[in-house]
*Asks:* 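Structure below; questions to follow.
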Amino acid sequence: MTASIFADTPAIRYEGPDSHTPLAFRYYDADRVVLGRPMADHLRIAVAYWHSFCGDGADTFGPGTHRRPWHTADDMAHAKTKLHAAFDFFERLGNPFFCFHDVDVCPLGDNLTEAGDNLFAIRDLIGDRMERTGTKLLWGTANLFSHPRYMAGAATNPDAEVFAYAAGQVRNVLTVTHQLGGENYVLWGGREGYDTLLNTDMKREQAQLARFLTMVVEFKHKIGFTGTILIEPKPCEPTKHQYDRDAATVHAFLRRFGLEKEVKLNIEANHATLAGHDFEHEIAYAIANDLLGSVDINRGDSRLGWDTDQFPNNVPELALALVHIVRAGGFATGGMNFDAKIRRQSTEPDDLFHAHIGGMDVLARALLAAEAMIRDGMLQEFVDERYKGWDQGLGAEIMAGDWTLDALADHALDAGIAPKPRSGRQEYLENLVNRFV
Ligand code: XLS
Ligand code: CA
Ligand code: CA
């Protein structure tokens, strides 16, 4: 066996903010206790197999620029080389988790038999390296969007045989995810949407999507998978419109089909901004509706406006999102998956280390800022004070259903005075946040 392309990189260590070592953590200190638990347990960081080991820097205007030894052919031998390289990387980075699609770890062949044979064969090798490195599986997923058979969707395809083929792929990957001790299973509906309504029966397609999801949930219970099924919202790209547009849209869909207790969300930062939301908004919505599952942590580019999947680098934004997550009790089965790719011009294997170290340090700084804000308590106190009229007296009675509209209107009439506006103090609060980030 030839030496790993990561052989020259020693294990990455925490050296503190003053370190001059390029490949070292300055803030990510796995064991440092933050609000009662180790940093690593708050963040539950995962490396995305597809971007870091399958992606080669290709874009719509040009071919790949990252030449890795396993990119030369799509067969099992190359899949194994790639797998060893991936785990050599995990071993050095020290990420507790990784995530994969079926198609990332092995070729899917010409039919489901070949896909299954390859996946179950590579599973043993994955399991072996997981055991030796201690890296765990955050989630698995089936790629139901790249192959031409899925060009009109998987579950929402006009052809029921395509739906059946997708079921075959999900059965394989959910089974393998379960066998590898995966903590979640993700469904991202990349082509579950449409390019034009001229050829689309939206009502049918939504019903098909719900049927598929229901079958996935039933199968999960049948095999005893105790992890969480997650839907990952995204508004568009590659389709013009994706049905799982954003957290609120998926929430409505789940409730309509009675799946809201079974399925949670995998919120991706770059998808949130594509949907016209802040990442923090999607997190807050998911938490408010008991739907937070996991997070794909990355960023877009505000000038480009598509899914650039860059590594995160905005501490203030992430700190606010983490305040919500930590206050809500943190992740249960979820974590923070770097669904992010190095840029096309970042061609060297060690660029992968720079990217992940940077992302982990940014998350660590954001977590420490969140800790400081939570400990300080002034943000929360302000909000509590702002809404305290709903904890007792009239507000509490209204919420308990003690008042009709009529009676309340009379109450306002009798009171005779109009309530006085109170400042929302946005700038004061922004200044408060700036003390911590
Ligand atoms: C694409 C999605 C995809 C999912 C997994 O935009 O982010 O990578 O996370 O299929
Ligand atoms: Ca994603
Ligand atoms: Ca993305």
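Start at 1 and go down the list; that is how both ligands and their atoms are numbered. Starting from 1, each residue takes its place in the sequence as its number.
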*Asks:* How does Asp307 reach ligand 1, by side chain, by backbone, by both or by neither, if only non-hydrogen atoms under 4.0 Å count?
*Replies:*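 For Asp307, only side-chain atoms sit under 4.0 Å from ligand 1.
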*Asks:* For Phe311 and His356, I'd like to know if the aromatic rings sit close, meaning centre-to-centre distance below 6.0 Å.
*Replies:*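 Between Phe311 and His356, the centre distance is under 6.0 Å.
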*Asks:* So, is Glu268 polar-close to ligand 1, with some N/O to N/O distance under 3.5 Å?
*Replies:*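 N/O-N/O distance under 3.5 Å: yes.
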*Asks:* Does His147 have its ring centroid less than 6.0 Å away from the ring centroid of Tyr165?
*Replies:*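 Ring centroids of His147 and Tyr165 are no less than 6.0 Å from each other.
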*Asks:* Considering only protein heavy atoms, which is closest to atom 8 (O) of ligand 1, and at what distance to one decimal place?
*Replies:*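 That would be Asp339 OD2, 3.3 Å.
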*Asks:* Run the numbers on Trp50 and Asp339 for side chain to side chain donor-acceptor pair (under 3.5 Å), then give the verdict.
*Replies:* CA-CA 8 Å; Trp50 51 101; Asp339 194 351; 2.9 Å; yes
*Asks:* Is it true that Glu91 and Arg129 have a side-chain N and a carboxylate O under 4.0 angstrom from each other?
*Replies:*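 Looking at Arg129 together with Glu91, the answer is yes, because their closest N to O distance falls below 4.0 Å.
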*Asks:* In Asp339, what N, O or S atom is nearest to the Ca ion (ligand 2), if we give its atom name?
*Replies:*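 Considering only N, O and S atoms, Asp339 comes nearest to the Ca ion (ligand 2) through OD2.
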*Asks:* Would you mind checking which non-hydrogen protein atom is closest to atom 2 (C) of ligand 1, with the distance to 0.1 Å?
*Replies:*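 Here the closest protein heavy atom is Glu232 OE2, 3.4 Å.
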*Asks:* State plainly whether the residues Asp361 and Arg365 are in salt-bridge range, i.e. N to O under 4.0 Å.
*Replies:*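 Salt bridge: no.
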*Asks:* Report the name of the N/O/S atom of Asp309 located nearest to the Ca ion (ligand 3).
*Replies:*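 It is OD1, the N, O or S atom of Asp309 closest to the Ca ion (ligand 3).
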*Asks:* Suppose we call two aromatic rings close when their centres sit under 6.0 Å apart. Are Tyr185 and Phe225 close by that rule?
*Replies:*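 No; Phe225 has its ring centre 6.0 Å or more from that of Tyr185.
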*Asks:* Would you check if the side chain of His42 reaches a backbone N or O of Gly330 as a donor-acceptor pair within less than 3.5 Å?
*Replies:*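 Checked: no pair found.
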*Asks:* If the threshold is 4.0 Å, N to carboxylate O, is there a salt bridge linking Asp376 and Arg435?
*Replies:*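 No, no charged N to carboxylate O under 4.0 Å.
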*Asks:* Tell me whether Arg44 is salt-bridged to Glu183, with the criterion being a basic N under 4.0 Å from an acidic carboxylate O.
*Replies:*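 Yes, this pair counts.
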*Asks:* Do any N or O atoms from the side chain of Arg343 and from the backbone of Lys341 form a donor-acceptor pair under 3.5 angstrom?
*Replies:*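 Present.
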*Asks:* Has Val186 got any heavy atom lying under 4.0 angstrom from an atom of ligand 1?
*Replies:*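 Not so, Val186 does not reach ligand 1.
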*Asks:* Check whether any N or O atom of Trp139, backbone or side chain, sits under 3.5 Å from an N or O atom of ligand 1, and answer yes or no.
*Replies:*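 Such a contact does not occur with ligand 1.
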*Asks:* In terms of residue, atom name and distance, what is the protein heavy atom nearest to atom 3 (C) of ligand 1?
*Replies:*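 The protein heavy atom lying closest is Trp188 CE3, 3.7 Å.
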*Asks:* Do you know which N/O/S atom name in Glu268 is closest to the Ca ion (ligand 3)?
*Replies:*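 Glu268's closest N, O or S atom to the Ca ion (ligand 3) is named OE2.
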*Asks:* Kindly report the OE2-the Ca ion (ligand 2)-OD2 angle for Glu232 and Asp296 respectively, rounded to 10°.
*Replies:*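 Vertex the Ca ion (ligand 2), arms to OE2 of Glu232 and OD2 of Asp296: 110°.
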*Asks:* Report the relative orientation of the aromatic rings in Phe53 and Trp70; use parallel for angles under 30°, tilted for 30 to 60°, perpendicular for over 60°.
*Replies:*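 It falls in the tilted class, 30° to 60°.
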*Asks:* If you round to 10 degrees, what value do you get for the angle at the Ca ion (ligand 3) between His271 atom NE2 and Asp307 atom OD2?
*Replies:*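 Output for this angle: 80°, rounded to tens.
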*Asks:* Among all protein heavy atoms, pick the one closest to atom 5 (C) of ligand 1 and tell me residue, atom and distance.
*Replies:*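 Heavy-atom neighbour on the protein nearest atom 5 (C) of ligand 1: His101 NE2, 3.2 Å.
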*Asks:* Would you mind running through ligand 1 and noting each atom that sits below 4.0 Å from a heavy atom of Phe145?
*Replies:*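 Under 4.0 Å from Phe145, ligand 1 has these atoms: 10 (O).
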*Asks:* Hey, does Thr141 come in under 3.5 Å of ligand 1, counting only N/O atoms on both sides?
*Replies:*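 Looking only at distances, the answer is no, because the N/O contact criterion of under 3.5 Å is not met.
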*Asks:* Which is it for Asp296 and ligand 1 at heavy atoms under 4.0 Å: side chain, backbone, both or neither?
*Replies:*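 For Asp296, only side-chain atoms sit under 4.0 Å from ligand 1.
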*Asks:* Could you check whether any heavy atom of Glu237 sits closer than 4.0 Å to an atom of ligand 1, since that is the contact criterion I want to use?
*Replies:*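 It does not, in that no heavy atom of Glu237 comes within the 4.0 Å cut-off of ligand 1.
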